[in-house]
Chemist: 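My questions all concern the structure below.
Per chain, numbering begins at 1; letters A, B, ... match sequence-line order.
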There are 2 protein chains.
Amino acid sequence: MNELLQYIHSLTAFSPESLALLQPALTQQTFNKNELLLKEGQVCRSLFFIVKGYCKSYYEVDGLVKNTGFFFENEIATNISSFGSGQKSEFNIVACEPLTVIVFDKEKLFQAAQQAPEIETLGRHCIRLFATKQEEFSNLFKLYSPQERLEYIETRHPAMLQRVSLSQLASFLGVARETLSRIRKRRSHV
Amino acid sequence: MNELLQYIHSLTAFSPESLALLQPALTQQTFNKNELLLKEGQVCRSLFFIVKGYCKSYYEVDGLVKNTGFFFENEIATNISSFGSGQKSEFNIVACEPLTVIVFDKEKLFQAAQQAPEIETLGRHCIRLFATKQEEFSNLFKLYSPQERLEYIETRHPAMLQRVSLSQLASFLGVARETLSRIRKRRSHV
DNA sequence: TTCATCCTGTGACGATCGTCACAAAAATCA
DNA sequence: TGATTTTTGTGACGATCGTCACAGGATGAA
């Protein structure tokens with residue numbers, strides 16, 4: 001819970017009263033490795049603030065898993081599109097390690113936000129961070145080659161490399177597993 | 001102005017009082033073709049609601065232009081990262097046609113939002129739409145090949161193809177101009 | 001109209017990538 | 001510990017891509 005408080009205060013001013021109003025919307029929850037937080041076809045009604053562990057979002061296309069995002073401690077994982085619009089989710093979110101999260105329930109969150117503008121503001125900042133992250137990784141593909149994308153992750157998100165296997169990362173970077181292997185090889189020879 | 005009202009009402013309940021409070025934050029503005037709305041190195045202090053025309057965001061890497069987004073009528077263009085954090089923008093936004101926009105001034109917008117929760121909620125929805133769009137195009141690269149990406153644009157965003165030249169689109173899809181030409185050729189022969 | 005500019009198509013060629021296959025290494029678990 | 005599973009590396013090969021170069025067509029301005 002402490003982690004969440006720090007996260008909130010890093011984003012916006014937040015009074016004890018607002019916190020008391022927010023409280024009913026929050027639940028701590030744990031997931032085993034490979035357990036689903038959100039399943040394709042379901043409507044996403046939660047924000048998952050990650051306390052410990054990490055999870056990923058992935059599509060299944062023609063039976064193949066395509067990773068689209070990784071989410072670590074002190075980040076929020078969700079399907080922002082489904083959460084916002086009420087449409088069914090097109091992808092899954094799954095725990096990659098034993099996972100502890102604080103769940104924001106959408107309906108209760110909205111009720112609380114109507115009573116405290118600070119909560120509404122918090123929500124806006126959470127979505128803003130989410131949008132910023134999406135933009136960052138989206139631009140990776142438009143600006144850089146596969147090798148440069150790997151280098152970007154290595155320099156800007158080294159923690160991701162330490163926790164995510166090369167195979168998992170490959171799909172996130174939009175290339176074959178073997179390609180990342182060869183990029184490493186090419187570099188070490190030069 | 002009518003377009004903006006429709007846009008707002010499509011997102012959230014909005015009273016005449018809120019509108020009156022929002023009004024001071026809004027300015028109508030026009031740009032010539034190739035005129036910059038936001039320049040690399042500047043801090044983004046505006047949301048640009050597009051009334052007529054379209055614009056694009058682009059990076060300049062090694063003197064080369066890399067398009068990262070196109071924004072059309074009834075959408076909001078901005079650098080969400082710079083707007084939210086106050087950091088300098090890493091990219092430019094430029095009018096691709098004669099452009100008419102309604103500018104939301106950040107500071108005045110935040111003042112207004114403090115007085116009317118509906119405005120805060122509106123802001124949240126605007127960012128949400130922005131995040132959803134980012135996510136959509138980000139996933140294009142993780143899920144699809146260049147050919148499938150082109151087909152996605154053709155079926156889901158046909159209007160974009162009609163207004164954006166193939167050369168401009170290529171950079172947005174992360175491939176060379178010639179590649180899109182050849183994809184077209186390959187398909188027509190089969 | 002004429003000129004300049006922009007956009008698209010295309011050929012050639014080398015580089016990179018995806019796929020398939022298999023082996024080695026590492027991690028996991030009983 | 002040993003057995004199983006997962007992950008990584010690598011070779012071969014065909015497909016695709018990026019780059020360079022050039023030509024033709026479209027567009028727009030003088």
Chemist: How about B:Ser15 and B:Glu17: does a side-chain donor come under 3.5 Å of a side-chain acceptor?
Modeler: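 Yes.
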Chemist: Just by distance, do the side chain of A:Glu73 and the backbone of A:Gly53 share a donor-acceptor pair under 3.5 Å?
Modeler: yes
Chemist: Can you classify the ring geometry of B:Phe137 versus B:His157 as parallel (below 30°), tilted (30 to 60°) or perpendicular (above 60°)?
Modeler: tilted
Chemist: Just checking B:Ser165: base, sugar-phosphate only, or nothing, at a heavy-atom cut-off of under 4.0 Å?
Modeler: sugar-phosphate
Chemist: Taking 5' to 3' order, which nucleotide of DNA chain C is first and which is last to have an atom within less than 4.0 Å of a heavy atom in chain A?
Modeler: C:dC17 to C:dA21
Chemist: If the helix axis at each end comes from five base pairs, how far does the helix from C:dT1-D:dA30 to C:dA30-D:dT1 deviate from straight, to 10°?
Modeler: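 Roughly 60°, once rounded to the nearest ten degrees.
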Chemist: Could you check whether any side-chain N or O of B:Thr30 sits under 3.5 Å from a backbone N or O of B:Leu99, counting only pairs where one atom can act as donor and the other as acceptor?
Modeler: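 Not at all, since once roles are kept as given, no pair shorter than 3.5 Å links the two residues.
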Chemist: So, A:Thr68 versus A:Ser57: side-chain donor-acceptor pair below 3.5 Å or not?
Modeler: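 Checked: A:Thr68/A:Ser57 side chains pair up, N/O donor to acceptor below 3.5 Å.
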Chemist: Checking B:Glu148 side chain against B:Ser145 main chain: does a donor-acceptor pair fall under 3.5 Å?
Modeler: yes
Chemist: Using a distance-only test with no angle check, is there a side-chain donor-acceptor pair under 3.5 angstrom linking A:Gln115 and A:Gln111?
Modeler: no
Chemist: Starting at atom CG of A:Leu166, determine the distance to atom P of D:dT7, rounded to an integer number of angstrom.
Modeler: 11 Å
Chemist: Under a 3.5 Å threshold, yes or no: a donor from one side chain and an acceptor from the other, between A:Gln168 and A:Tyr58?
Modeler: no
Chemist: Answer yes or no: is there a donor N or O on one side and an acceptor on the other, between the side chain of B:Thr100 and the main chain of B:Val51, under 3.5 Å?
Modeler: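 Absent.
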Chemist: Are A:Ser167 and D:dT8 close enough that a side-chain N or O sits under 4.0 Å from OP1 or OP2?
Modeler: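 Yes, A:Ser167 has a side-chain N/O under 4.0 Å of OP1/OP2 on D:dT8.
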Chemist: With no hydrogens and no angle check, just 3.5 Å: does a side-chain donor-acceptor pair link B:Lys185 and B:Ser181?
Modeler: no
Chemist: Taking the nucleotide of DNA chain C with the nearest heavy atom to each, does A:Gln147 or B:Thr179 sit closer to the 5' end?
Modeler: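 Between the two, 5'-proximity favours B:Thr179.
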Chemist: Check the distance between D:dT8's C1' and A:Lys185's NZ and give it to me in whole angstrom.
Modeler: 13 Å
Chemist: Look only at the side chain of A:Thr132 and the backbone of B:Ile80, and say whether a donor-acceptor pair between them is shorter than 3.5 Å.
Modeler: no
Chemist: So if I take residues 171-178 of chain A and measure heavy-atom distances to DNA chain C, which residues fall below 4.0 Å?
Modeler: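 The answer is A:Gly174, A:Val175, A:Ala176, A:Arg177, A:Glu178.
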Chemist: Round to a whole Å and report the spacing from CG of A:Asn67 to P of D:dT7.
Modeler: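 Value for this atom pair: 11 Å.
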